[in-house]
There are 2 protein chains.
Amino acid sequence: MRYAYDVYEDRCPTRLVLDRLADKWALLILDRLEGGPVRFNHLRRDIKLISQKVLSQTLKKLERDGLVTRTVTPTVPVTVEYALTPLGRTLAETAAALTHWAEHNMDAILASQAAYDAARTAQ
Amino acid sequence: MRYAYDVYEDRCPTRLVLDRLADKWALLILDRLEGGPVRFNHLRRDIKLISQKVLSQTLKKLERDGLVTRTVTPTVPVTVEYALTPLGRTLAETAAALTHWAEHNMDAILASQAAYDAARTAQ
DNA sequence: CCGTATCCAGTGGGATACTG
DNA sequence: CAGTATCCCACTGGATACGG
């Protein structure tokens, strides 16, 4: 066992974080919030192709995890701002390393995929 | 637009990498392979709760992406070893930062979840 | 030992419509 | 503006059985 918790078991911190990032939208939201608080519909417009339902669900999960805050201002109509907590900010920064890796290595991955597919098609 | 590719669009490098890590097992496999080449059934035993089917599928995706190599030794019965490519190693190292974050902050997340649930239950 | 094939239940998430 | 409610389909992934 290389970790305090066994990464390869059912309940482990890596799985906990992975299951959060693995919902496909959370990292994008975290990243988008790094620039400061953002309103619901603003997020919706920025993160294209996300549905209202999924954005709502994901924000709720992130709030439950203590990664984002939800602030309601009782104007008419109401405005709601989402922002990173200090904890959320550290995760966003950590996750940004993945983003940078992805940008830097995407071409290599695409080339590998093409070669793999070509080899299988050629048979 | 803050990136060479737009992270919030459909096809972008972050989504590409995220969709790979988001299959829930890839990161665990990458991490497990950092110690050197591992055989199929060894991975299966180490990464508990993964099914043979999903392990096989995930390894194939990782191979297609050029992140792992698959080496067959024609013994009887056949032995197959999986290993990280140099590219895969850089991703594994980058992803390890997430693992460390998770270990370090899991307690805070669990506490936040408990507080969130308690607040909603108390109503 | 190292897989693939098949079947099947659970769920993630899109579309749409409605509310405070 | 910021959601919730409902329907529903497609895909994920587990269980099981079989093949090289």
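Because the structure is a prediction, the values reported are computed rather than measured. When reading the values below, keep in mind they use all heavy atoms of this one structure, side chains included, and skip hydrogens, waters and symmetry mates. Residue numbers start from 1 in every chain, and the chains themselves are labelled A, B, ... in the order their sequence lines are given, proteins ahead of strands.
- Summarising the geometry, atom CZ belonging to Phe40(B) is positioned 6.5 Å from atom CG belonging to Leu59(B); distances are rounded to the nearest 0.5 Å.
- In this structure, the NZ atom of Lys48(A) is 16 Å from the P atom of dG14(C), given to the nearest Å.
- Backbone-only contact: Arg39(A) has heavy atoms under 4.0 Å from sugar-phosphate atoms and none from a base.
- Whole-Å rounding puts the Asn41(B) CG to dG3(C) C1' distance at 9 Å.
- The OG atom of Ser112(B) lies 10.5 Å from the CG atom of Leu62(A); values are rounded to the nearest 0.5 Å.
- Residue order along DNA chain C, read from the 5' end via each residue's closest nucleotide, puts Pro77(B) first among Pro77(B) and Gln57(A).
- One finds the OG atom of Ser56(B) at 11.0 Å from the NZ atom of Lys61(B) (value rounded to the nearest 0.5 Å).
- The distance from atom NZ of Lys60(B) to atom P of dT4(C) is 3 Å, rounded to the nearest whole Å.
- An OP1 or OP2 oxygen of dC2(C) is reached within less than 4.0 angstrom by no side-chain nitrogen or oxygen of Thr79(B).
- Between the CG atom of Leu55(B) and the P atom of dA15(D) there is a distance of 14 Å, rounded to whole Å.
- dG3(C) atom P lies 13 Å from atom CD1 of Ile50(B), rounded to whole Å.
- In this structure, the side chains of Trp101(A) and Thr90(B) come closer than 4.5 Å at one or more pairs of heavy atoms.
- Of the two residues near DNA chain D, Lys53(A) and Glu81(A), the one whose nearest nucleotide lies more 5' is Glu81(A).
- The separation between Arg44(B) atom CZ and dA15(D) atom P is 9 Å, rounded to whole Å.
- If you measure from atom CD of Gln52(A) to atom P of dG14(C), you get 12 Å, rounded to the nearest angstrom.
- Proximity of Tyr82(B) to the phosphate of dG3(C): a side-chain N or O atom is located under 4.0 Å from OP1 or OP2.
- Summarising the geometry, atom CG belonging to Leu67(A) is positioned 8.5 Å from atom CG belonging to Leu84(A); distances are rounded to the nearest 0.5 Å.
- At whole-Å resolution of the value, CG in Leu59(B) and P in dT4(C) are 10 Å apart.
- As judged by a 4.0 angstrom heavy-atom cut-off over every strand, Arg70(A) is placed among residues touching the sugar-phosphate backbone only.
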